[in-house]
Amino acid sequence: MVVKTVEIPQEDLLSEIIDGLSQQQKMLPSKLFYDERGSRLFDMICELEEYYLTRTETKILSDNIEDITSLIGNKCVLVELGSGSSIKIRLLLDHLKDLAAYVPVDISSDHLIKSNRMLKEEYPDLNIYPLAADYTRWFSLPDIKEGYNSIDAFYPGSTIGNFAPLEAREFLERIAEICGRGSGLLIGVDLQKDEKILSKAYNDSEGITAEFNLNILNHINNLLGANFDLSKFRHQAFYNKREGRIEMHLLSLAQQVIKLNGHSFSIGRYETILTEYSYKFTTESFAELVKDIYEVEKVWTDGNKLFSVQFLRAL
């Protein structure tokens, strides 16, 4: 299977990390969670009892699949952003009629190759165009040989919440431009809820989320030769009520100096590095976020209104 790769210039990635570690609130780009090990750990997180998001979103998709696929339509090119193990996509692949092509986009090329090799075995007639790219930046779609009526995107998991509001709008504008006016976007959107449910989801009893969070440091060590000592950090996640978001941090357990490509960063004891935030929405606040970029055509939720799947149309 040929995988088209859009390389992320290492100097750009290095610049992002240096800039983040130079802030008063030190931070790291969450896309660095997803080396091969990080991708496997995230797949494990999705199976956890406490992590309601995957289970709830999958049930919403399953319960409403006929309605959902009727909005996507026939002879579509389906672009999945952050495809990972391509688990949820199977629901769509099993019900979409005359799908022209499937374009899984993921930053982890190793994970992408493995998951799409399995997909090809399950769906031998499916035209798959794997694209290894950082979809949070501009990317070009592969040349699709098959004829198609539209290009629609699938963005599950409420990953949209990992962007600050202004960044989310810029991202959505980019996806609307890549896929074209009138294109559809099927998107998972996590809803505001009891803080106890959120806390359990990001602080699981097995410690897999903690391992996933710490792995970002290991990835940077391997990728760029940094000297992060994972034993000197601890996972921390909490709900920031004022911002309406879950925050994941790495808490420094000692005064330490991090060295990276000729730069040094002093981190105090109990100082934190912000690795991810995940905004939670109401249906109204999400409609306001996408306003003038997409029109919300349909919203599906679970019975407890923990999560929503929404179909948007690019304006």
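Quantities reported herein were computed from a predicted structural model and do not represent experimental measurements. Excluded from the calculations below are hydrogen atoms, water molecules and symmetry mates; all remaining heavy atoms, backbone and side chain alike, are included.
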Would you say the side chain of [Y] lies within less than 4.5 Å of the side chain of [X], judging by non-hydrogen atoms?
{"X": "I178", "Y": "V79", "value": "no"}
{"X": "L312", "Y": "Q310", "value": "yes"}
{"X": "Y155", "Y": "F171", "value": "yes"}
{"X": "K59", "Y": "F307", "value": "no"}
{"X": "Y148", "Y": "N74", "value": "no"}
{"X": "F33", "Y": "K31", "value": "no"}

What are the two closest non-hydrogen atoms of [X] and [Y], and how far apart are they?
{"X": "L81", "Y": "A153", "value": "CD1-CB, 4.4 Å"}
{"X": "L131", "Y": "S140", "value": "CD2-O, 3.7 Å"}
{"X": "K145", "Y": "Y129", "value": "N-OH, 3.1 Å"}
{"X": "L91", "Y": "S62", "value": "CD1-N, 4.0 Å"}
{"X": "E57", "Y": "G188", "value": "OE2-CA, 3.3 Å"}

[X] (side chain) donor-acceptor with [Y] (main chain) under 3.5 angstrom:
{"X": "R55", "Y": "E47", "answer": "no"}
{"X": "N304", "Y": "L306", "answer": "no"}
{"X": "S199", "Y": "E195", "answer": "no"}
{"X": "D35", "Y": "H219", "answer": "no"}
{"X": "N215", "Y": "N218", "answer": "no"}
{"X": "E167", "Y": "A164", "answer": "yes"}
{"X": "S22", "Y": "I18", "answer": "yes"}
{"X": "N116", "Y": "L119", "answer": "no"}
{"X": "K120", "Y": "L126", "answer": "yes"}
{"X": "R245", "Y": "S278", "answer": "no"}

Evaluate K259 against S264 for side chain to side chain contact (heavy atoms under 4.5 Å, CB included), listing each step before the verdict.
CA-CA 5 Å; K259 296 185 181 296; S264 295; 3.4 Å; yes
Spell out, yes or no, whether [X] and [Y] are grouped together once hydrophobic residues are joined by side-chain heavy atoms under 4.5 Å, including indirect joins.
{"X": "I175", "Y": "V77", "answer": "yes"}
{"X": "L71", "Y": "Y102", "answer": "yes"}
{"X": "Y239", "Y": "Y51", "answer": "yes"}
{"X": "L41", "Y": "L53", "answer": "yes"}
{"X": "V189", "Y": "Y277", "answer": "yes"}

Across all chains, not counting sequence neighbours, the side chain to side chain donor-acceptor pair (under 3.5 Å) partners of N227 are none
For H235, all residues meeting side chain to side chain donor-acceptor pair (under 3.5 Å), sequence neighbours excluded:
N203, N213
Taking [X] first and then [Y], would you say they form a salt bridge - that is, a charged N and a carboxylate O separated by under 4.0 Å?
{"X": "E146", "Y": "K75", "result": "no"}
{"X": "D43", "Y": "R40", "result": "no"}
{"X": "E173", "Y": "R181", "result": "no"}
{"X": "E271", "Y": "R269", "result": "no"}

In terms of ring plane angle, is the pair H263 and F265 parallel, tilted or perpendicular, where the classes change at 30° and 60°?
parallel
Step-by-step side chain to side chain contact (heavy atoms under 4.5 Å, CB included) determination, K193 to Y52:
CA-CA 12 Å; K193 60 184 64 64; Y52 64 88; 3.0 Å; yes
Output, in order, the C-alpha distance, side-chain angles, deciding distance and verdict of side chain to side chain contact (heavy atoms under 4.5 Å, CB included) for S285 and T282.
CA-CA 5 Å; S285 68; T282 63; 3.2 Å; yes
Full working for salt bridge (Lys or Arg N to Asp or Glu O under 4.0 Å) between R90 and E122:
CA-CA 10 Å; R90 287 168 170 80; E122 293 178 49; 2.8 Å; yes
Step by step, work out the salt bridge (Lys or Arg N to Asp or Glu O under 4.0 Å) result for K200 and E49.
CA-CA 9 Å; K200 286 182 180 179; E49 179 63 30; over 6 Å; no
Would you say [Y] and [X] are linked by a side-chain donor-acceptor pair, where the criterion is simply a distance under 3.5 Å?
{"X": "Q255", "Y": "S266", "value": "yes"}
{"X": "T272", "Y": "Q236", "value": "no"}
{"X": "Y123", "Y": "D94", "value": "yes"}
{"X": "S70", "Y": "E66", "value": "no"}
{"X": "T209", "Y": "D204", "value": "yes"}

Using the rule given for salt bridge (Lys or Arg N to Asp or Glu O under 4.0 Å), can you reason through E121 versus K114, listing the C-alpha separation, both sets of side-chain angles and the distance that settles it, and then say yes or no?
CA-CA 11 Å; E121 290 176 1; K114 288 179 181 177; over 6 Å; no
Excluding L251, membership of its hydrophobic cluster (Ile, Leu, Val, Met, Phe, Trp, Tyr; side-chain heavy atoms within less than 4.5 Å) reads L253, Y270
Verdict with supporting geometry, E297 and R313, salt bridge (Lys or Arg N to Asp or Glu O under 4.0 Å)
CA-CA 7 Å; E297 286 197 359; R313 186 74 66 185; 3.1 Å; yes
Walk me through whether F212 and Y34 qualify under ring-ring contact (aromatic ring centres under 6.0 Å, His included).
CA-CA 9 Å; F212 172 73; Y34 299 101; 5.7 Å; yes
Kindly compute the distance separating OH (Y202) from CE (M248), expressed to the nearest 0.5 Å.
8.0 Å
Determine whether L185 and Y294 satisfy the following criterion, side chain to side chain contact (heavy atoms under 4.5 Å, CB included), listing intermediate values before the conclusion.
CA-CA 9 Å; L185 173 59; Y294 284 96; 3.8 Å; yes
